[in-house]
J.: 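Have a look at this one before I ask anything.
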Number of protein chains: 2
Amino acid sequence: MRTKADHFATDLNELATQAKALSHPARLQILQVIAQKESCICGEIVDDVPLAQSTVSQHLKVLKKAGLIQGTIDGPSVCYCLDPAALQLLRERFDGFLGDMIDESAATTC
Amino acid sequence: MRTKADHFATDLNELATQAKALSHPARLQILQVIAQKESCICGEIVDDVPLAQSTVSQHLKVLKKAGLIQGTIDGPSVCYCLDPAALQLLRERFDGFLGDMIDESAATTC
DNA sequence: TGACATAATCGTTATAAAGCGATAGAGGGA
DNA sequence: TCCCTCTATCGCTTTATAACGATTATGTCA
């Protein structure tokens with residue numbers, strides 16, 4: 001694929017990247033599971049999500065790469081938790097992006 | 001691809017679908033262009049985005065399918081505009097989803 | 001009607017993403 | 001040490017996405 005990411009503004013690329021991390025229901029559910037459980041062992045996520053262990057692991061990798069979660073090794077298991085600061089930042093970016101757009105487009109009707 | 005969308009909650013599927021619409025920098029830029037221009041003729045978008053006309057048309061289709069924009073035929077041209085209500089709804093959904101998660105995860109640190 | 005402009009669609013190619021089973025590596029306990 | 005558990009990675013297949021050029025369809029205007 002000829003992804004012409006270099007032709008777009010940096011902030012648009014970053015926002016698009018984070019939106020992509022949220023663009024799959026399994027990843028959204030994984031985030032919810034991690035948020036709800038007091039502990040966040042990988043195995044529990046696999047139990048709660050209707051996907052194979054290897055697939056869940058891939059999704060976790062995507063979320064980790066996007067900076068939305070972090071995993072720490074806990075003996076034989078891996079404990080995953082959210083990064084509240086990153087989520088808050090993402091929230092603000094989305095809000096800002098959409099908010100600006102809504103303000104500007106208030107007049108435009110076609 | 002075996003997209004197991006049916007295995008996930010409806011609201012997660014919908015949010016993921018809309019996030020996917022925002023997951024490409026070209027589409028984000030197109031939204032900005034439409035928001036900024038007072039008129040929103042398709043050709044102007046093509047001029048402002050570093051992609052071929054057919055590619056832009058595809059992106060517009062994705063945005064239209066996601067319900068974020070609408071296009072009305074204006075003679076030989078097509079006038080695109082944002083759907084402020086849809087954008088506002090999306091904004092609130094993101095905000096709610098991320099907000100709930102941040103609240104719940106305040107305690108969880110691993 | 002004929003020529004031109006605009007935008008959507010088609011056909012094709014290349015890359016990314018999603019999914020799974022199997023394997024590998026790292027710890028912990030018997 | 002040996003086995004078991006847990007999770008990441010590999011290899012593979014299937015489907016989706018992105019991109020473009022070429023074509024088609026629809027209007028406008030001379």
Side-chain angles (χ1 to χ4, degrees), chain A residues 1-8 12-13 16-30 33-34 37 39-66 69-81 110, chain B residues 1-8 12-13 16-30 33-34 37 39-66 69-81 110:
Chain A
M1 198 184 321
R2 285 155 283 188
T3 303
K4 300 196 159 181
D6 25 310
H7 296 158
F8 299 102
L12 291 186
N13 280 326
T17 298
Q18 291 190 296
K20 185 171 283 183
L22 299 181
S23 73
H24 195 289
R27 288 197 284 272
L28 297 180
Q29 190 181 344
I30 288 172
V33 170
I34 297 178
K37 301 261 181 187
S39 72
C40 43
I41 300 299
C42 176
E44 295 183 290
I45 301 169
V46 174
D47 291 341
D48 285 4
V49 176
L51 295 172
Q53 179 266 324
S54 57
T55 307
V56 172
S57 192
Q58 285 286 357
H59 284 308
L60 285 168
K61 191 178 181 180
V62 172
L63 290 171
K64 199 156 51 174
K65 195 172 179 183
I69 64 174
Q70 43 189 194
T72 56
I73 298 175
D74 177 24
S77 311
V78 176
C79 179
Y80 280 100
C81 64
C110 67
Chain B
M1 200 183 316
R2 285 155 282 191
T3 302
K4 300 197 160 182
D6 24 311
H7 295 159
F8 299 102
L12 292 186
N13 279 326
T17 298
Q18 291 189 296
K20 185 172 285 183
L22 300 181
S23 71
H24 195 289
R27 288 196 284 270
L28 297 180
Q29 190 181 344
I30 288 172
V33 170
I34 297 177
K37 300 259 182 188
S39 73
C40 42
I41 300 299
C42 177
E44 295 183 291
I45 302 170
V46 174
D47 291 342
D48 285 5
V49 175
L51 295 172
Q53 180 265 323
S54 57
T55 306
V56 172
S57 191
Q58 285 286 358
H59 285 307
L60 286 167
K61 192 178 182 180
V62 172
L63 291 171
K64 199 157 51 175
K65 195 173 180 183
I69 63 173
Q70 44 188 195
T72 56
I73 298 175
D74 177 23
S77 310
V78 175
C79 179
Y80 281 100
C81 63
C110 69

J.: With sequence neighbours left out, what residues match B:D47 under salt bridge (Lys or Arg N to Asp or Glu O under 4.0 Å)?
T.: none

J.: Report the distance from atom CD1 of A:I45 to atom P of D:dC6, rounded to the nearest whole Å.
T.: 14 Å

J.: Rounded to whole Å, please give me the gap between NZ in A:K65 and C1' in C:dA18.
T.: 15 Å

J.: Atom CG of B:L51 to atom P of D:dT17: distance rounded to whole Å?
T.: 17 Å

J.: Who are the side chain to side chain contact (heavy atoms under 4.5 Å, CB included) partners of B:K65, not counting sequence neighbours?
T.: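 With neighbours one apart ignored, the set is empty.
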
J.: Of all the heavy-atom pairs spanning B:P25 and A:N13, show the shortest one and how long it is.
T.: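 Of all heavy-atom pairs spanning B:P25 and A:N13, the closest is CG-OD1, 3.1 Å.
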
J.: Any side-chain N or O of A:H59 less than 4.0 Å from the OP1 or OP2 oxygen of C:dG19?
T.: yes

J.: For B:R27 and D:dA16, give me the distance from atom CZ to atom P, rounded to whole Å.
T.: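 B:R27 atom CZ is separated from D:dA16 atom P by 15 Å.
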
J.: Which side-chain N or O atoms in residues 48-63 of chain B pair as donor and acceptor under 3.5 Å with protein atoms at least two apart or in another chain?
T.:
unit_1, atom_1, unit_2, atom_2, d
B:D48, OD2, B:K37, NZ, 3.4
B:H59, ND1, B:R27, NH1, 3.0

J.: Among all residues two or more places apart in sequence or in another chain, which pass the side chain to side chain contact (heavy atoms under 4.5 Å, CB included) test with A:T72?
T.: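 Per chain and number, A:T72 pairs via side chain to side chain contact (heavy atoms under 4.5 Å, CB included) with A:C79, B:C110.
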
J.: Expressed as a whole number of angstroms, how long is the span from A:D47:CG to D:dT7:P?
T.: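 One finds 9 Å between P of D:dT7 and CG of A:D47, rounded.
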
J.: To the closest 0.5 Å, what do you measure between CD (A:Q70) and CD1 (A:I34)?
T.: 10.5 Å

J.: When the distance from CD of A:Q29 to P of C:dA18 is rounded to whole Å, what number comes out?
T.: 15 Å

J.: Can you tell me how far C1' of D:dA18 sits from NE2 of A:H7, to the nearest Å?
T.: 14 Å

J.: Restricting both atoms to N or O, compile the protein contacts to nucleotides 1-9 of chain C shorter than 3.5 Å, with distance only.
T.:
unit_1, atom_1, unit_2, atom_2, d
C:dA7, OP1, B:C42, N, 3.3
C:dA7, OP1, B:G43, N, 3.4
C:dA7, OP1, B:V78, N, 3.3
C:dA7, OP2, B:G43, N, 2.9
C:dA8, OP1, B:Y80, OH, 2.3
C:dA8, OP2, B:S57, OG, 2.9
C:dA8, N7, B:Q53, NE2, 2.7
C:dA8, N6, B:Q53, OE1, 3.0

J.: What is the distance from CG of A:L63 to C1' of C:dA18, rounded to the nearest Å?
T.: 14 Å

J.: Think A:K20 has a side-chain N or O under 4.0 angstrom from the OP1 or OP2 of C:dA17?
T.: yes

